[in-house]
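These notes concern the structure reproduced below.
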Amino acid sequence: MPELPEVETIRTQLDPLLRDVSITDAWSFPSAKFSDAPLAVGGRVREVRRRGKYLLFGLDHVSGPLELVVHLGMTGRLAVTEQAPSGPHLRAHWSLEGARHLRFDDVRRFGRVAVVAQGEHAALPTLAALGPEPFDAAFTPEHLRAAVNRSTRAVKTQLLSQRVVAGVGNIYADEALWRAGVHPAARRLTRRQALQLRDAIVDVLGEAIAHKGTTLRDYRDAAGERGTNQFRLDCYGRHGEPCVRCGDPLRRRVIDARTTTWCARCQRR
DNA sequence: CGGGGTTCCTGGCCGC
DNA sequence: TGCGGCCAGGAACCCC
């Protein structure tokens, strides 16, 4: 389940491979989620950027600057290959000058491909309303506290919404809340909690990038390699195991339709 | 416009 | 061994 660190790992790998490369042909799986792929044909990649969990391929095109937007969903994978792409889970591929291919595979089809005029994100409402990048100076404790306290929803729900901060999914939400000592169902943050949660989000994501992401099952980077951050998780998926900070067994409950793990002693309401 | 519910998908796993 | 049922869950979408 690619979140910001996994997408950033892929971006770092794809950017040097695709810069200044032209797209000469394309194919898409017959589903509206991928049918935009051929609209990128004729484009030339300027750079590969990322916003939250979205990859943004900036394209120069005769019709003006375009953006190829790719969201990996739960099981999406991107790779550059020399072989012609094929396989049961292939959802889109693009032929590149130099006899190479960019391929997008996605077993569960939760991913998405869109081609839009640069910056025109109306067709992707979550992208259009995305909160600040966690590593941006705009992601302050004050912003986090104001955004969370403005709503009556649980802090974890707010993190997953992408509107308060970009790129946090279920794994890193549980990790950051645990590290900050904030209860996932809390509906208000004190200044101190907001500072700790901001720092925890930044640290958890930064460390995960340094370890090339978390591979629980499906995630692979653009080279087909697993990340190693799964060996560093303190909380996510460890319900029933002792909290590594206090020893109490971690608990599990569903919040916002997501399995949530937390420590009832370290994360008081 | 915020918020709640529903839908999309398939492989892996569990219990019988 | 075979199989039905359940689970994982991000974001679009619909409706109030």
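Just so we're on the same page: letters track the sequence lines, and every chain starts at 1.
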Item to complete: Tell me what Leu124(A) touches on the nucleic acid: a base, only sugar-phosphate, or nothing, going by heavy atoms under 4.0 Å.
Response: sugar-phosphate
Worksheet, complete the sentence: Those residues at least two apart in sequence (or on a different chain) that pass side-chain hydrogen bond (donor to acceptor under 3.5 Å, both in side chains) with His239(A) are Arg252(A)
Worksheet item: Is there a side-chain polar atom (N or O) of His89(A) under 4.0 Å from OP1 or OP2 of dC9(B)?
Response: no
Fill in: Members of residues 105-121 of chain A that approach DNA chain B, where some heavy atom sits under 4.0 Å away
Val107(A), Arg108(A), Arg109(A), Phe110(A)
Item to complete: Report the secondary structure of DNA chain B in dot-bracket form, marking unpaired bases with a dot and bases paired to a different strand with |, and treating Watson-Crick or G-U pairs with both distances under 3.5 Å as paired.
Response: .|||||||||||||||
Fill in: Pairs flagged by salt bridge (Lys or Arg N to Asp or Glu O under 4.0 Å) wherever residues 155-166 of chain A is involved - sequence neighbours left out
Lys156(A)-Asp174(A)
Practice prompt. Kindly give the cluster partners of Val244(A), where membership spreads through any ILVMFWY side chain lying under 4.5 Å from a current member.
Written response: Trp178(A), Leu250(A)
Discussion item. Quick check on DNA chain C: between Thr259(A) and Thr126(A), whose nearest nucleotide comes earlier from the 5' end?
Written reply: Thr259(A)
Fill in: Remaining members of hydrophobic cluster (4.5 Å side-chain criterion), Leu130(A)
Tyr54(A), Leu56(A), Val69(A), Val116(A), Leu124(A), Leu127(A)
Worksheet entry | Residues from residues 153-168 of chain A lying under 4.0 Å of DNA chain B - heavy atoms | Arg153(A), Arg163(A)
Worksheet item: Can you name the residues that form a side chain to side chain contact (heavy atoms under 4.5 Å, CB included) with Asp25(A), not counting sequence neighbours?
Response: Ser95(A)
Donor-acceptor pairs under 3.5 angstrom involving side-chain atoms of residues 107-114 of chain A: please list them, not counting sequence neighbours.
none

Discussion item. For His183(A), give me all partners under ring-ring contact (aromatic ring centres under 6.0 Å, His included), at least two apart in sequence or on another chain.
Written reply: Trp262(A)
Fill in: Sub-4.0 Å heavy-atom contacts from residues 201-213 of chain A onto DNA chain C, ordered by number
none
Worksheet entry | Distance below 4.0 Å between Ser151(A) side-chain N/O and dG3(B) OP1 or OP2 | yes
Item to complete: At the 4.0 Å heavy-atom cut-off to chain A, mark where contacts on DNA chain C begin and end, going 5' to 3'.
Response: dA8(C) to dA12(C)
Worksheet item: Within 45 degrees of the axis of the six-membered ring of Phe104(A) and under 6.0 Å from its centre: does Arg91(A) put its NZ or CZ there?
Response: no
